[in-house]
Protein chains: 2
Amino acid sequence: MAASTLAEVAKLAGVSPATASRVLNGSARTPGAGIAERVRQAAESLGYVANAQAQALAKSSTGLIGLIVHDIADPYFSAIAQGVQSAARQERRMVLLATTDGTPAGEKEAAAAFAARRADAIVIAGSRSTRAEDSAANSELAAELERYCRNGGRLGVVGQGIIGLPDMAGYRTLPVPNEELARELAAALAATHEGPFVVVAGPDGLATSDERVRGFQDGLAGAGRPAAEVLHTAFSRNGGFDAGTQLAARLASRPTDRGEPPCIFAGNDVMAIGIVAALRKQGLSVPGDAAVAGFDDIEWLRDFRPELSTVGLPLDDIGRQVTLGALADPSAANPAASGITGTEITGTVRLRRSTEGA
Amino acid sequence: MAASTLAEVAKLAGVSPATASRVLNGSARTPGAGIAERVRQAAESLGYVANAQAQALAKSSTGLIGLIVHDIADPYFSAIAQGVQSAARQERRMVLLATTDGTPAGEKEAAAAFAARRADAIVIAGSRSTRAEDSAANSELAAELERYCRNGGRLGVVGQGIIGLPDMAGYRTLPVPNEELARELAAALAATHEGPFVVVAGPDGLATSDERVRGFQDGLAGAGRPAAEVLHTAFSRNGGFDAGTQLAARLASRPTDRGEPPCIFAGNDVMAIGIVAALRKQGLSVPGDAAVAGFDDIEWLRDFRPELSTVGLPLDDIGRQVTLGALADPSAANPAASGITGTEITGTVRLRRSTEGA
DNA sequence: TGACCGGTGGAAAGCGCATTCCCACTTGTT
DNA sequence: AACAAGTGGGAATGCGCTTTCCACCGGTCA
C-alpha cells in the first residue's frame with residue numbers, strides 16, 4: 001500500500017541506499033554512469049517518489065513558504081498571493097496558505113503552524129492592528145515569530161513591521177508608502193474639488209488604513225483644506241457599502257443647492273466599490289452627487305464604471321519582492337527597520353472618471 | 001540555533017522522550033498530572049515547537065492538502081480556494097497551493113510535488129483539457145495520480161474526472177451540472193430574445209467550456225432556435241475582451257435596422273465582463289446593442305453594471321465539498337464515477353439587466 | 001617498487017518524533 | 001497472603017532519507 005522507498009530501489013538496483021540517494025537526488029557526488037542508469041531504472045519500475053518529509057527531516061530544509069493573508073478571496077490578497085506563488089516557484093518552493101480573518105490571534109495561530117512545519121520562510125501580507133484589544137495577541141504573535149526567526153526561520157512582512165518584534169536576522173519588512181501616496185492623492189483631489197472631503201476608513205487601529213487616512217489628512221492640510229470627517233467601518237466591500245448608505249442618507253436630506261458635492265476617499269478599492277454601489281442604490285450618481293476614490297488599483301477595477309480614481313500599487317510585485325526578500329541571505333546587512341533593499345515599492349496616483357468635476 | 005527537540009524537553013523535565021511525547025501530543029495514554037505539568041513547563045521554558053515533519057514521518061500522515069488551480073488571482077478560483085481553506089481548517093489540515101496556468105503538464109508537476117510531500121489529499125479545481133496536444137500530458141497526469149491514489153492518497157476533482165484515470169479507492173469527483181445549467185440558461189434567454197445567439201467560449205477542448213457550450217446549444221435547439229455561432233478564445237477576461245472587440249466591429253458594420261440585437265453567451269463571468277468592456281469601448285451599449293450573459297456568478301459581479309445575467313454556482317461550497325469528499329472514508333462505496341454523494345451541487349439561472357429586452 | 005592520491009561505493013550515524021513492547025509497581029480479589 | 005489484573009513510565013525500534021566517514025582501487029610520482 002505505502003509508496004516504495006529509497007531502500008527498495010537501492011536493493012532492486014543492487015546498490016547501497018547511499019548510492020541510490022546520490023543518483024536520484026541532486027548530490028555533490030555523482031556515481032558512475034552504469035550504476036546511475038541501473039538505479040534510475042529501478043526507481044522508474046517501482047514508481048518511486050522521494051518522500052519530501054523525510055528529506056526535509058534529514059537535511060533540515062523543507063522547501064515550504066508559509067503565506068498568511070486575511071482573505072484569499074479578496075482581490076488585494078489574491079493578487080499578492082499570485083506574486084508570492086510566482087516567487088516561490090522561481091525559488092523552487094511550495095506555498096502553504098493560511099487565512100486569518102485579520103485577527104492577530106489568527107495570525108499567531110498560523111505562524112505557529114508554519115513554525116511547526118519548519119517552513120523556510122513566512123510571509124505575512126495582512127495589515128497590523130494596533131487596537132488595544134489586540135495587544136495581547138500581538139505580543140503572542142511577536143513572541144512566536146521571534147522564536148521562529150531565532151531558530152533560523154525567515155520572515156517577510158508587507159507594509160508595517162510586526163508590533164513588538166525587534167530587528168533580527170532573517171526578518172525583513174517591505175515598506176509600502178501608503179501615507180505618502182495618500183498624501184499625493186489628497187493633493188491631487190484638493191486641486192479639483194471644492195466640496196468637503198470625507199474619508200471612509202477601516203477599523204481604527206488597522207495600520208494600513210490608519211496610514212492612508214493620516215496621509216490623506218496631511219495632504220489636505222498641505223493644500224490648505226480643513227481635515228476630512230472620518231467614518232470607520234469594515235475594511236471590505238460591505239464596510240464600504242454600509243458607510244455609503246449612511247452618506248447617501250445624509251446627502252439626500254441636504255438641500256441640493258448647498259455647495260459642492262463631497263469627495264469621498266475610501267481606504268481601499270473594494271470599499272470604494274461598496275460605496276459606489278450604495279450611492280447608486282439610493283439613486284445618487286458618481287461623480288455627480290459625490291466623487292469617490294479608492295486605493296490599490298486592483299486588477300478588475302478597470303472594468304468597473306464609473307472608472308475609479310485610485311492609487312496604483314504593484315500588488316503582484318509586492319508579493320514577489322517580499323518573498324524574495326525573506327528568502328535572501330539573512331546575513332546581508334538589511335535589518336527589518338530599513339526594509340528590503342533594492343526593491344523600492346512605488347505607487348501612482350491615478351485620477352479617473354469617478355472624481356472628475358461634475 | 002536549531003529549534004529545541006522533544007528529547008531536550010524530556011531531559012529538562014527528567015522524563016523519557018516517550019513520556020514527553022505522550023503529554024505534549026495527543027496520545028491514548030495520559031501520564032500523571034504531576035509529570036505532565038513538569039513536561040509542559042519544560043516545553044514552555046525551552047520554547048519547544050513540535051516538528052511536524054518528523055511527526056509526519058513517524059505516523060505517516062502529513063496534515064497537508066494540496067490544491068491545484070489555474071490562477072489564484074482569478075475570482076472563480078479564489079472563491080473555491082476559500083472553500084477549500086475553510087474545509088481544511090475544519091479538518092485541521094493546512095493547504096498547499098499550486099498554480100498551473102491551466103496546462104495538464106503543470107498539473108502533473110504540481111501533483112508530483114504534492115505526492116512527494118505526501119499530502120493527505122489533492123484537490124484539483126482547474127478544468128480538464130481534451131485537446132490533442134495535451135493528451136500526452138494528460139496520460140502522465142493520470143499515471144501520477146493513479147500512483148498517488150494507489151499509495152493511499154486521496155483525490156478530489158471539481159467537475160469532470162481526470163482523463164484516463166480509472167475509478168479507484170480514494171478518488172472522488174464532484175460533478176458540476178454545467179451542461180444542464182447552460183441548457184436552462186439558453187431556454188430562458190431564448191424565451192425573451194428574438195435576435196441571433198453567439199457563444200464566446202474558451203479554447204476548444206477545455207472541458208468546462210465545452211460542457212457549457214454544448215448545454216447552451218442544446219437549450220437553443222430545444223427552444224427551436226438555430227445553433228449559435230461559437231467563437232473560441234482564452235477562458236479569461238482578456239479572451240472575452242478580444243472576442244468582444246471582434247463582435248463590436250461586426251455590429252458596427254451592420255445596418256442598424258437589420259433585425260434584433262444579438263445575445264452573447266460567455267463561457268464564464270470574467271469573459272462576459274471582458275466582452276462588455278470591449279463593446280462599451282466601441283461605443284456599444286449592453287443590453288441595447290447586444291445582450292450578454294455569463295456563468296458562475298462570481299462574488300464581485302453584483303457591483304458590475306449593467307448587472308450581468310449569469311448562472312449562480314456555490315463556488316465556496318464547491319471548494320468545501322470537494323475537499324471534504326476527498327478526505328472522507330475512501331472505503332465508503334462512492335466511486336468517482338458516481339460523484340461525491342450527499343452533496344449535490346446545484347446552480348441557479350439568474351436573469352438580470354444585461355439581457356433585458358431593449 | 002613503494003608511498004601517496006583523487007575518485008567511488010558502502011556502512012553507519014543521525015534528523016525528531018511515535019509507538020510497541022516490557023518492566024516495576026500499585027491495586028483488587030478469594 | 002498470594003496472585004491476577006491494571007497502571008504508569010522507560011528502552012528500543014523504526015519512519016525514509018542525507019551525509020559524514022571509511023575502505024578500497026587503480027594510477028602517479030619519486
Side-chain angles (χ1 to χ4, degrees), chain A residues 1-40 42-43 46-64 115-120 151-153, chain B residues 1-40 42-43 46-64 115-120 151-153:
Chain A
M1 192 65 174
S4 51
T5 72
L6 222 210
E8 293 172 18
V9 173
K11 185 154 59 161
L12 207 175
V15 302
S16 76
T19 304
S21 169
R22 289 196 263 256
V23 14
L24 258 17
N25 312 22
S27 166
R29 288 177 49 178
T30 314
I35 299 249
E37 190 49 33
R38 252 191 11 245
V39 172
R40 244 182 288 276
L46 254 46
Y48 172 72
V49 177
N51 185 328
Q53 308 283 337
Q55 291 188 153
L57 186 57
K59 56 183 175 188
S60 54
S61 162
T62 58
L64 253 25
R117 291 230 137 73
R118 300 295 190 270
D120 292 345
N151 289 338
Chain B
M1 192 62 174
S4 51
T5 74
L6 223 211
E8 293 173 19
V9 172
K11 185 154 59 160
L12 207 176
V15 301
S16 76
T19 303
S21 169
R22 290 197 259 256
V23 14
L24 258 18
N25 312 24
S27 165
R29 290 174 49 176
T30 316
I35 299 250
E37 189 48 30
R38 256 196 2 250
V39 171
R40 243 181 289 276
L46 282 168
Y48 171 72
V49 177
N51 185 329
Q53 308 283 336
Q55 293 187 151
L57 187 55
K59 56 183 175 190
S60 55
S61 162
T62 58
L64 253 27
R117 291 228 138 71
R118 301 294 190 268
D120 292 343
N151 288 338

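Rounding to the nearest 0.5 Å gives a distance of 6.0 Å between OH of A/Y48 and CG of A/L24. In this structure, A/S4 OG and B/N151 CG are separated by 7.0 Å, a value rounded to the nearest 0.5 Å.
At a threshold of 4.5 Å between non-hydrogen side-chain atoms, the residues A/L46 and A/T5 do not count as touching. Using a 4.5 Å cut-off on side-chain heavy atoms (C-beta onward), B/L64 and A/R117 make contact. With a 4.5 Å cut-off on side-chain heavy atoms, A/R118 and B/V49 count as touching. For the pair B/K11 and B/E8, the minimum side-chain heavy-atom distance is 4.5 Å or more.
One end of the helix from C/dT1-D/dA30 to C/dT30-D/dA1 points its axis 50° away from the other end's axis, with each axis taken from 5 pairs and the angle rounded to 10°.
Taking all atoms of both residues into account, the shortest heavy-atom contact from B/A42 to B/V9 is CB-O, 3.8 Å.
Atom CD of B/E8 and atom C1' of C/dC17 are 13 Å apart (whole Å).
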Per-nucleotide protein contact string for nucleotides 13-18 of chain D, where B marks a base within reach and S marks sugar-phosphate only (heavy atoms under 4.0 Å, - for neither): --BBBB
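Partners of B/S60 by side chain to side chain contact (heavy atoms under 4.5 Å, CB included), not counting sequence neighbours: none found.
Applying the 4.0 Å criterion to OP1 and OP2 of C/dG10, one finds that A/T19 has a side-chain N or O inside that range.
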